[in-house]
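Below is one structure, written out as structure tokens; the observations come after it.
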Amino acid sequence: MTAPSLSAPPNSPPEAPSRRQLWKAAIKLPMYTVAVMPILLGSATAAFETKRLNGGILALFLGAAIAIIAWLNLTNDVFDSDTGIDVNKAHSVVNLTGNRSLVFAIANLFLVAGITSIGAIAWLQQDWTVLAIILASCILGYSYQGPPFRFGYLGLGEPICFVTFGPMALAAAYYSQAQSWSLLNWGASVFMGITTSLILFCSHFHQVADDLRAGKRSPVARLGTARSAALLPWFCGTAFGVVVAGILWGAFPLWTLLTGLSLPIALHLCRHVGQHHDQPDRVSNSKFIAVKFHFWSGLALSGGFLLGAWLQ
């Protein structure tokens, strides 16, 4: 007599994720690079132009940005639970805890911590400009999912993401270091705005059915997955084009060509989504590829500006 096999039958359904795995997905640790990269890049462009970098201000700003992203992530789960769009999302923090009020309270504590850190920067510099920019960014961030606006349901999430994590975040980071404005920084902010918006754009491919059911008209839901996938090479190409144009114009240091090291990740993202755009299970990881592209391209671009500052 042979012993029964301990392995699962070939056609058995996949094993349900453990609660630990669900919490890991809910916390979204890789997504916090979205907070770090704009502040790092804005500070790096300031260092390139002013030849100085205040490490204490940078550390305060990074801590504030991480806290504000935690607020955004948690409140998005709260507001999505209100509309029912997350009914099938096992790794929603609200679904995991079963306590909407607690999650909302913790989210607001993160917001207070973030704003307090930015307030400390403003107080140290006796200049409230940075605080004003960040408060405006938080209001825009709230309008993405928060009632009564819910602009994300109208397909405006990507433009909001571009503005808040591109021009506004980089302007605030630059100003915190230099107490001035810069056209070079505005150029770099276009790159950061595009790569950050790509993460949100790619997060829609696997949940089109849920979005449509809840009345959320994301760009992918409006255009369809095939046409949306065809846009990715244009978005990535535009981001790299900004860097090339900056170098040719003489504004960006030649070292920013290091951004090209992230090109293989961009190509992988475009190919992966192009092949699996209509297969939710296969395309659901595309937002994490977009996060990887955002992180490494942002790090390379920031490094290019810092090298330019040091070598000059």
Side-chain angles (χ1 to χ4, degrees), residues 19 22-39 42 57-87 89-124 128-154 156-166 168-169 171-173 176 196-197 199-200 203 214 216 287 291:
R19 193 166 181 81
L22 289 174
W23 270 110
K24 185 177 178 181
I27 293 171
K28 305 182 183 83
L29 276 180
M31 298 297 291
Y32 286 86
T33 60
V34 171
V36 171
M37 284 300 114
I39 310 310
I57 295 295
L58 176 58
L60 270 174
F61 215 140
L62 288 174
I66 290 170
I68 290 171
I69 286 293
W71 165 69
L72 278 174
N73 285 340
L74 290 173
T75 52
N76 282 348
D77 272 6
V78 168
F79 298 139
D80 278 344
S81 74
D82 292 342
T83 63
I85 198 171
D86 275 357
V87 66
K89 186 178 178 182
H91 60 276
S92 160
V93 178
V94 174
N95 289 343
L96 281 168
T97 61
N99 194 331
R100 177 198 181 280
S101 299
L102 176 63
V103 174
F104 193 48
I106 293 172
N108 288 326
L109 285 176
F110 275 117
L111 177 62
V112 170
I115 296 300
T116 300
S117 292
I118 298 297
I121 294 173
W123 182 79
L124 287 169
W128 305 98
T129 304
V130 172
L131 180 60
I133 296 172
I134 295 303
L135 285 174
S137 297
C138 289
I139 291 170
L140 267 179
Y142 174 86
S143 73
Y144 169 61
Q145 294 285 63
F149 309 103
R150 301 194 191 278
F151 289 149
Y153 283 71
L154 303 178
L156 299 176
E158 280 72 9
I160 290 172
C161 185
F162 177 90
V163 171
T164 53
F165 291 97
M168 294 183 79
S176 72
T196 310
S197 300
I199 299 172
L200 179 59
S203 72
K216 185 175 183 179
K287 64 181 176 183
V291 168

Separation between [atom1] of [X] and [atom2] of [Y], rounded to the nearest 0.5 Å:
| X | Y | atom1 | atom2 | result |
| --- | --- | --- | --- | --- |
| Leu124 | Ile57 | CG | CD1 | 5.5 Å |
| Leu72 | Phe165 | CG | CZ | 5.5 Å |
| Thr75 | Ile106 | OG1 | CD1 | 12.5 Å |
| Ile134 | Thr129 | CD1 | OG1 | 11.5 Å |
| Leu111 | Cys138 | CG | SG | 5.5 Å |
| Ile115 | Asn108 | CD1 | CG | 11.5 Å |

task = Begin with the C-alpha distance, continue with both residues' side-chain angles, and end with the deciding distance and a verdict on side chain to side chain contact (heavy atoms under 4.5 Å, CB included) for Phe79 and Phe104.
result = CA-CA 9 Å; Phe79 298 139; Phe104 193 48; 4.0 Å; yes

ask   = Can any side-chain N or O of Tyr153 pair as donor or acceptor with the backbone N or O of Tyr144 at less than 3.5 Å?
value = no

message = So, applying side chain to side chain contact (heavy atoms under 4.5 Å, CB included) with Trp71, which one of Leu74, Ile69, Ile68 is it?
response = Ile68

Ignoring hydrogens, what is the shortest heavy-atom contact between [X] and [Y]? Give both atom names and the distance.
| X | Y | value |
| --- | --- | --- |
| Ser197 | Glu158 | OG-O, 3.3 Å |
| Gln145 | Arg150 | O-NH1, 3.0 Å |
| Leu200 | Cys161 | CD2-CB, 4.2 Å |
| Ile39 | Ala173 | O-CB, 3.7 Å |
| Ser117 | Leu60 | CB-O, 3.9 Å |
| Lys287 | Ile199 | CB-O, 3.9 Å |

ask   = Around Trp128, counting heavy atoms of other residues, nucleotides and ligands shown, do more than 12 lie under 6.0 Å from its CH2?
value = yes

inquiry  = Counting only heavy atoms from other residues, nucleotides and ligands, does the tally under 6.0 Å from CZ of Phe162 exceed 12?
reply    = yes

task = Begin with the C-alpha distance, continue with both residues' side-chain angles, and end with the deciding distance and a verdict on side chain to side chain contact (heavy atoms under 4.5 Å, CB included) for Tyr32 and Asn73.
result = CA-CA 10 Å; Tyr32 286 86; Asn73 285 340; 3.7 Å; yes

ask   = Hey, are the side chains of Pro147 and Tyr142 touching, using non-hydrogen atoms and a 4.5 Å cut-off?
value = yes

